[in-house]
Amino acid sequence: MSKLFVDQTIEINAPATKVWDVLTVSEFNNRWATEFSSGGPQFHLDSTWELGSPVLWKGEDGTVIVEGNVTALEPKKLLRFTVFDVRSEEKALVTEEDGITFQLAEVNGKTILHIIQGDFSVMPEGKKYRDLSADIWDKVLPSIKKMAESN
């Protein structure tokens, strides 16, 4: 099976510094992270956003639902972290490139935010989960844009 990724881009009328803050500061990222809850318990992100540091998606009661680690970091330009649903029966093979990648490019005070999530082909029903994730990003990216442009 070929690799399956969510691959989306949005232009934000704000400098990369503001977009970076929306991605990494709890006050902001906990607002967009809740979109991944899919009607279940509300998630919040917990990380120091340093290379190798854990990235924990926690429920309201503090239970870790999704865990991962920062695998690439270039402040205000690149952030990549792995994601693994701890509720899953089987642990998928995860490479350093898997998970969620944020790439930021600033041009004339505007930021192009490019996200890549995957590879979903390693999961049972990978296409279904890729499509569901793409639908979530369709909500998350405008939310990130709105926060970055208004702060």
Side-chain angles (χ1 to χ4, degrees), residues 4-88 91-92 94-120 122-123 126 129-151:
L4 293 170
F5 289 92
V6 173
D7 189 335
Q8 296 183 8
T9 302
I10 193 167
E11 182 178 273
I12 301 171
N13 296 312
T17 305
K18 285 193 172 188
V19 177
W20 186 260
D21 286 349
V22 172
L23 298 176
T24 61
V25 174
S26 295
E27 172 190 346
F28 303 116
N29 65 28
N30 286 331
R31 284 194 248 160
W32 59 258
T34 60
E35 292 291 347
F36 288 91
S37 301
S38 302
Q42 294 296 297
F43 294 164
H44 69 273
L45 286 170
D46 186 3
S47 182
T48 60
W49 305 110
E50 296 168 2
L51 191 60
S53 69
V55 178
L56 305 174
W57 301 63
K58 295 181 176 179
E60 292 169 323
D61 63 356
T63 303
V64 174
I65 299 165
V66 177
E67 63 184 19
N69 290 86
V70 176
T71 58
L73 179 69
E74 204 176 323
K76 299 173 192 71
K77 291 184 180 178
L78 173 71
L79 175 62
R80 178 182 301 128
F81 52 93
T82 55
V83 288
F84 174 72
D85 188 335
V86 298
R87 300 166 296 184
S88 175
K91 204 160 178 108
V94 178
T95 70
E96 217 173 75
E97 283 79 33
D98 288 337
I100 297 173
T101 301
F102 294 105
Q103 297 170 321
L104 293 78
E106 186 176 328
V107 181
N108 299 326
K110 294 182 179 185
T111 303
I112 304 299
L113 176 60
H114 181 200
I115 70 99
I116 301 168
Q117 183 182 5
D119 172 18
F120 289 92
V122 299
M123 301 170 63
Y129 288 106
R130 191 267 321 263
D131 293 347
L132 288 170
S133 292
D135 290 345
I136 293 169
W137 284 110
D138 286 343
K139 296 175 191 152
V140 170
L141 289 178
S143 177
I144 290 170
K145 175 181 171 74
K146 184 177 179 182
M147 282 187 269
E149 289 177 351
S150 64
N151 289 305

Residue pair K110, I112: steps toward the side chain to side chain contact (heavy atoms under 4.5 Å, CB included) verdict: CA-CA 7 Å; K110 294 182 179 185; I112 304 299; 5.9 Å; no
Step-by-step side chain to side chain contact (heavy atoms under 4.5 Å, CB included) determination, L23 to W32: CA-CA 9 Å; L23 298 176; W32 59 258; 4.2 Å; yes
CA sep, side-chain torsions, deciding dist, call: L79, L73, side chain to side chain contact (heavy atoms under 4.5 Å, CB included): CA-CA 5 Å; L79 175 62; L73 179 69; 3.9 Å; yes
Criterion side chain to side chain contact (heavy atoms under 4.5 Å, CB included) on L78 and F102, from CA distance to verdict: CA-CA 6 Å; L78 173 71; F102 294 105; over 6 Å; no
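Aromatic rings of F36 and W137 (six-membered ring for Trp) have centroids within the 6.0 Å cut-off, being under it. Taking the six-membered ring for Trp, F81 and W49 have ring centres closer than 6.0 Å.
Of the possible polar contacts, none joining the T9 side chain to the H114 backbone as a donor-acceptor pair under 3.5 Å is found. The backbone N or O of P54 sits nowhere less than 3.5 Å from a side-chain atom of E67 that would complete a donor-acceptor pair. Judged by distance alone, the side chain of N30 and the main-chain N or O of L45 form a donor-acceptor pair under 3.5 Å. Put simply, the side chain of S150 gets close to the backbone of K146: a donor and an acceptor are under 3.5 Å apart. T111 places a side-chain N or O within donor-acceptor distance of the main-chain N or O of A14, the cut-off being under 3.5 Å.
Across all non-hydrogen atoms, the minimal contact from K58 to D46 is NZ-OD2, 2.9 Å. Pairing each heavy atom of I136 with each of E35, the nearest pair is CG2-O, 3.8 Å. The shortest heavy-atom contact between D21 and F28 is O-CD1, 3.6 Å.
Neither side chain, N29 nor H44, offers a donor N or O lying under 3.5 Å from an acceptor on the other.
Taking CG of L141 as the start and NZ of K139 as the end, the distance is 12.5 Å to the nearest 0.5 Å. The CD1 atom of I65 sits 4.5 Å away from atom CZ of F43, with the distance rounded to the nearest 0.5 Å. Residue N69 holds its CG atom at 9.5 Å from CG of L51, rounded to the nearest 0.5 Å. D119 CG to L4 CG: the interatomic distance, rounded to the nearest 0.5 Å, is 6.0 Å. Atoms NZ and CD1, from K145 and I12 in turn, are 6.5 Å apart once rounded to the nearest 0.5 Å. Atoms CD1 and OG, on I115 and S133 in that order, are 9.0 Å from each other to the nearest 0.5 Å.
A 4.5 Å side-chain heavy-atom check between V70 and E50 finds every atom pair outside the cut-off. With a 4.5 Å cut-off on side-chain heavy atoms, D138 and Q8 count as touching. L132 is listed as a side-chain neighbour of Y129, based on a closest heavy-atom distance under 4.5 Å. Looking at V19 and E106, their side chains never come closer than 4.5 Å, going by heavy atoms from C-beta outward. The side-chain heavy atoms of L113 and I144, taken from C-beta on, include a pair separated by under 4.5 Å.
In the displayed structure, N108 atom CG is contacted under 6.0 Å by at most 12 heavy atoms of other residues, nucleotides or ligands.
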